[in-house]
Every structure is written in C-alpha cells, then in structure tokens.
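The first residue of the sequence shown is numbered 1, and numbering continues consecutively from there.
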Amino acid sequence: MEPQQGKQSPPLEDCLKLLKGERDEQRLAGLLLVTKFFKGDDLSSLQTIYNAVGVGFLDRLFRTGMGKGSISSSGSENRDAYLQLSVTVLAAFCHVLEIAASNDMVSKIPLVLEVLSTEPGSAVLEECYEFLYLVSTASEDGIMTFYTSGGMNMLASHMSIFPDGSHQMELSMKLVQLILNKLSLEIINQDYVPELSKIVAAITRQFAVLHNAVKFDALHLLSAILASKYSAPLYDSLRVLPEKDLPNYMRDGIAAILQNRVAPTEKLQALILADSMMTIFGERWLIGHINLPGVKEPIPADRCLVLVLEQSRVEVAVLLNELAQLKDEASKRSSAPAETIVSKKRDVAIAFSLLEKIISLISNASENEGDIIDENTFMKVIKGLNETIGVVLEYLQDAKEHGQRKGDDLLASVRIIGSYLAETPVACKEKVRELLEYMLSIEGEDEPSPFYSICFLLPLLCQMTMEIEGCIALISCGGHISVVDCLVKLIGPHGYMVKDNGCIFLACDTILNLLLKKEQLRIPLDDSTLVNLLKALAYWTEGINDPSTIMMASSICALLFDFTSEKALLKHPNFDVSTLDSLSRLIARSLASWGQVYCMM
C-alpha cells in the first residue's frame, strides 16, 4: 500500500508504533503487519519501516530462526515461524537498493546459504533465493560474497530438482548470469567444473521444455558458457555427466529455435550451441529424436541436421556479403569499422565450423552408416553444400579482385573449401582451378607467409596430381613450389607445429605424384627450392626408424637427384658434404628396409 501524501497511512502508523515498542512481541507483531500490508514496490514505506525496526532486532530474529540465538518468549517450537518471518521481511526490505547493498545484508548471504543447505525443502526457499538475488544484484560485494561462500555448490544441488519454469529456477538462472558478468569463465572452470556441468544440464532442460522468455534466457546463458575458450574442462565433465538427457534436451531446444521465427541473433546463438554439442559429443549428435511442442506426427531423426545446415548456409551467405561490403567501405575511408568486421568474422567462423562437421558426418555416413540419414536428406545436404561452397568461392574471387590476401576469414574460407573438396574433388572444378594460385597465397592474420592455406588444400592437391591434367594445373600456377615450401616448413629444423602427420604425408604424396610424371611434365625447380627440400628430408629422417617414412623420403630424394648432380649440389652455398652423407645414409637405410620386407614375402 502506498502511504497517503502529507500523512502516513493507517497500516504504516500501526506498524511503526509496534516496531518502536519496547517488547519483542510488539516488534514481531509489527513485522507480521509488514508482510500483510506492504509489497516490494512500496519502497519509501519499506525504508521507513526498516529504519524503525533496526538492524539488531532483524539479526536476532534471523539467528533465532536458525537456532543460533533467541528473542524474548521464543521457544524451539516457534523457530520455523521466526525463520520464515525473518527471511520474508529481509527479502522485502532488499527491494530497496540501498538496503540490499548494505554490509548488513551482504554479511547475511553465508547465513542464508546455510539455511538452504540445512533445510533444502524449507518453506522459505523462494524467499531465500529472492534475498540472494536482490543482494547479489545490488553490489559487487554481494555477488562475490555469494560466489566465495559456496553459491555455486548450492545452485548445482538445487537447480536439478527445481520445477520447470518455477520462480526459483528463474532466480537461479539470474544468479548464474550475475556470476558470469562478474567473473571470467577461466576462473569458474578452475573452481567449479563439476558444479558448472550440473548447472548447464539443469539450464539445458529449461531450454528444451519451456516456450517463453525463459527459453531465450537459457539460450543466452548456455551459449555464453559453452562458447568460452576456457570451456575444455567443462566439455570433459559434460561427456561423463550421469544425466544422459542433456544431448537430447539440447537438440530439442536448438531445433525449436531454428525452425521458428526468431531474431537472427538468437538463431546464431543456437548455432553456437550446436557447434559446441558436436565438439563435445561428435557429429552424430545431429542425428536423433526430437520433441517439439504441438507436433504430434513423428519427426525424422535427421531434422536437426537439416535445420543446422540450412541456417549455417544462410549465415554464410549473409555474413560473407556483409564482410565484403564492410571491407570495401573500409578501403574507401581512413577509419575501418574494426569491431564490426571482427564480429562478422567470428560469426562466419562458427558457421564454417558447423559446415565442416556436417561434411565429416556425411562422409562417415556414406562410408560406414549410410542408413542413419535418409537418402533424400543426403542428396539435399550435398546440394546445399555445393551451393554454399560456390558462395565461398565467389567471396574469394571478390577478395582477389580487391587485392586482399591476408585475413583469418579468407583462411577459414580456404579451409572449408579444402574440407569439402577433399570429399568431392570434382565439385566446382573450373572455379577452383581458376582460384587455386590465389588460394595458395592466402595468409592468416598472424602468418608471415602462406602455410595453413596450403595445408588445408593438400587433400585436394594430392588427389588432383594423380592425373596429368591436375599436375599441369598445379604446376602452371606455381603451386608445386608452394607444396614444397609447405613440406620444408613441416619437416625442417624450424618445423611448424601441426596436430598430426597427415599434412606431411599428403605433401609428400603430392610431390611424389608430380615427380613420378616428370617424363610427361616440365617441372620447373630452381636450385634453392631443390636444396631446401633435400636438406629438410635429411633432417626429418635422422633418428627415425619408421619404414614408411624412410621409404617415402628416400623415394623423393632419388627422384630429385634426376634434376641435379652431386657436383652441382656441392657447389650450392647452402649444401655441404654432411647433408649429402645424410641423404646417402637415408637411401641405404631404405634399401636395407626394402630388402627386409622382400625377404619376409
């Protein structure tokens, strides 16, 4: 009730008289009136009442309810009533920001958490959560005290049992958001990985089963948590979580977002979650049963795959177009919209990542488990990927025409093209050949020279060079030199770090494919390129006993010797006798290894 202007309302007058009484019984009666007549939006009255009752009595009442203190005429049989009354009025008073931010209220956070831990089914559970949320919102000290006093433990134990869509669940999610706003996920993942995984599981269920504003709150929370670069420990914890429904709940929630009319930003966040799920559980996560509201007929198990693919394709088309325009505008003025460009690049990287995972899924399905994806869906996916790769090639064409060769977006474009063409090397064949030289010259933001663009294209180049036509296409654009330089960087003394040896052997195979056709081709190799490759091969194979590596390296060396002579090599300023000796030992080891294999046959 609002106090009347010029004088206090009768309920407020009665409250104040009782609260200023000498006996505890009078004050208790006054507080009961507060719970009956005054609501959280009557801030001025709440402030007046708070000043009248005093901090001391509120503290004594609360501690009595906890069994840690006493007020006059109190008995153990009244403890629950005192606890409920004290927490109710404390939560009401904390609607006043100044009261909620006070040290008196912040200092009660550990006590309220203790109440929740000792009496999880307490009648004051909702009031406790409201108090915690209001005090945590009011000041930085509030949320930090909540976190350091075991708030994450409390959230992890409670959120899994709260009713779906309950007020307590909403307040819990808001507390999680406050923690994320205040603390880095790096710190949270160091302190509370098991607890955070349980919280994520509880929020994921809300994301799946609710169809109101809280669904989007859950979406935003989950994408913020799972998209963090510090989430690797959390991913590991989620994989072994006892609650096995999380992947299904996430699939339901994402499908609901992607198939409905929601803001583009919400759909992008749903894609972020899909990418995280496939990183955690593998690409097969895309295939599975879906429950959607109002849909009675069975939903195909590959529906989520189709939804994620189509939205990823939309994002790629829109974002690449916007990026091209932004870059063009930036080139025409002194100050570029750097933040906007960085944001667009980050978003398109998410869509590319999803498309790569879908390519992997389709590849594995066609080889091993073709029946997991409907044939019509399979063809639809292939058609969609073909069209999107065409869009990416057009983006690179535009970048080439504008003289752009450096950028993580360009490198990511080469990567997605390389991933797809590794599976379907004849797709977009003419356009790929036209842009091959340019793609091999692309550098990432932090690269001093092209390297990763070449690595991404090696599967395609290896397949191309199995045919004379492909060899000619590679040599005509100088791509063979790019492959040699890449291999030298991979195996030489200043070798680049790569996740596996796949790139090394693909580069070796590509070079072998070219050298084995030297009679039919004109392969221009300058002395420096040839010497650098020979030295790198000698360095790579020193101390290695793997027969396949020895035979691969020696085969390349033997074929390279046809392009030069011992005398010419020793005249080169960067080649010496020790390198020649290493190469001789390499070939001898290869012959010995081959002899052993022959004897075993």
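In this structure, the side chain of Q397 does not engage the main chain of E394 through any donor-acceptor pair within 3.5 Å. A side-chain donor-acceptor contact under 3.5 Å links D546 to the backbone of T549. A donor-acceptor distance shorter than 3.5 angstrom exists from the side chain of N513 to the backbone of C462, with no hydrogens or angles considered. Between the side chain of R589 and the backbone N or O of T541 there is at least one donor-acceptor pair closer than 3.5 Å. Without hydrogens or angle criteria, N501 side chain to I504 main chain gives no donor-acceptor distance under 3.5 Å. For the pair D275 (side chain) and I350 (backbone), a donor-acceptor distance under 3.5 Å is absent. A side-chain donor-acceptor contact under 3.5 Å links R251 to the backbone of W285. With hydrogens and angles disregarded, no donor-acceptor distance shorter than 3.5 Å links the side chain of D328 to the backbone of A324. For the pair T388 (side chain) and L385 (backbone), a donor-acceptor distance under 3.5 Å is absent. A distance-only check finds no donor-acceptor pair linking the side chain of S231 to the backbone of L234 [under 3.5 Å].
The distance from atom OG1 of T204 to atom CE of M250, rounded to the nearest 0.5 Å, is 3.5 Å. Rounding to the nearest 0.5 Å gives a distance of 9.5 Å between CG of N574 and OG1 of T579. Interatomic distance, D252 CG to C304 SG, rounded to the nearest 0.5 Å: 9.0 Å. In this structure, CD1 in I417 is found 11.5 Å from CG in L355, a value given to the nearest 0.5 Å. Atom CG in L461 sits 6.0 Å away from atom CG in L436 (nearest 0.5 Å). With rounding to the nearest 0.5 angstrom, the CZ atom of F352 is 12.0 Å from the CG atom of D347.
Nearest heavy-atom pair across Y438 and L396 is CE2-O, 3.4 Å. Heavy atoms only, all atoms of each residue included: G444 and E447 are closest at N-OE1, 2.6 Å. Nearest heavy-atom pair, D576 versus L570, reported as atom, atom and distance to 0.1 Å: C-CD2, 4.0 Å. When all heavy atoms of A553 and W540 are compared, the pair lying nearest together is CB-CZ3, 4.1 Å. The minimum heavy-atom distance between L586 and I550, with the atom names listed, is CD1-O, 3.8 Å. The shortest non-hydrogen separation linking L474 to M464 is N-CE, 4.4 Å.
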Let me see the working for I287 and L361 under side-chain contact (heavy atoms from CB on, under 4.5 Å), right down to the final yes or no.
-> CA-CA 10 Å; I287 309 296; L361 173 68; 4.3 Å; yes
Does the pair E437 and S482 meet the rule for a side-chain contact (heavy atoms from CB on, under 4.5 Å), with working shown?
-> CA-CA 9 Å; E437 180 181 5; S482 298; over 6 Å; no
Apply side-chain contact (heavy atoms from CB on, under 4.5 Å) to D526 and L530, showing your working.
-> CA-CA 6 Å; D526 60 84; L530 191 148; over 6 Å; no
Going through the checks in order, is the side-chain contact (heavy atoms from CB on, under 4.5 Å) test met by I362 and E423?
-> CA-CA 9 Å; I362 292 297; E423 305 300 333; over 6 Å; no
S582/K535 under side chain to side chain donor-acceptor pair (under 3.5 Å): CA gap, chis, key distance, verdict = CA-CA 9 Å; S582 295; K535 288 175 66 177; over 6 Å; no
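Counting non-hydrogen atoms of other residues, nucleotides and ligands closer than 6.0 Å to CD of Q190 gives a total above 12. Within a 6.0 Å sphere centred on NZ of K383, heavy atoms belonging to other residues, nucleotides or ligands number 12 at most. Atom NZ of K380 sits in a sparse spot, with 12 or fewer heavy atoms from other residues, nucleotides or ligands closer than 6.0 Å. Dense packing is recorded around CD of E387, with more than 12 heavy atoms of other residues, nucleotides or ligands lying under 6.0 Å away.
For K267 and E315, the salt-bridge test fails: no basic side-chain N is under 4.0 Å from an acidic carboxylate O. Salt bridge K357/E283: absent, no basic N to carboxylate O contact under 4.0 Å. R405 has no carboxylate O lying under 4.0 Å from a charged side-chain N of E443, or vice versa, which leaves the two without a salt bridge. Comment: R239 engages D236 in a salt bridge, judged by a side-chain N to carboxylate O separation of less than 4.0 angstrom. Salt bridge annotation for E469-R433: present, with a cationic side-chain nitrogen under 4.0 angstrom from a carboxylate oxygen. Using a 4.0 Å cut-off between charged nitrogen and carboxylate oxygen, D408 and R346 do not count as a salt-bridge pair. The pair D562-K518 meets the salt-bridge criterion, since a charged nitrogen lies less than 4.0 angstrom from a carboxylate oxygen. A salt bridge between E445 and K345 is present, with a side-chain N of the basic residue lying under 4.0 Å from a carboxylate O of the acidic one.
In this structure the side chain of R313 never reaches within 4.5 angstrom of the side chain of V391, judged on heavy atoms. A 4.5 Å side-chain heavy-atom check between D302 and F378 finds every atom pair outside the cut-off. Between N386 and Y420, the closest side-chain pair of non-hydrogen atoms falls below 4.5 Å. In this structure the side chain of L185 never reaches within 4.5 angstrom of the side chain of K229, judged on heavy atoms. For the pair N321/Y395, no side-chain contact is recorded, criterion being any heavy-atom separation below 4.5 Å from C-beta on. The shortest distance between side-chain heavy atoms of L309 and L286 does not fall below 4.5 Å. With a 4.5 Å cut-off on side-chain heavy atoms, P459 and L506 count as touching. By the 4.5 Å heavy-atom criterion applied to side chains, F207 and I257 are counted as neighbours.
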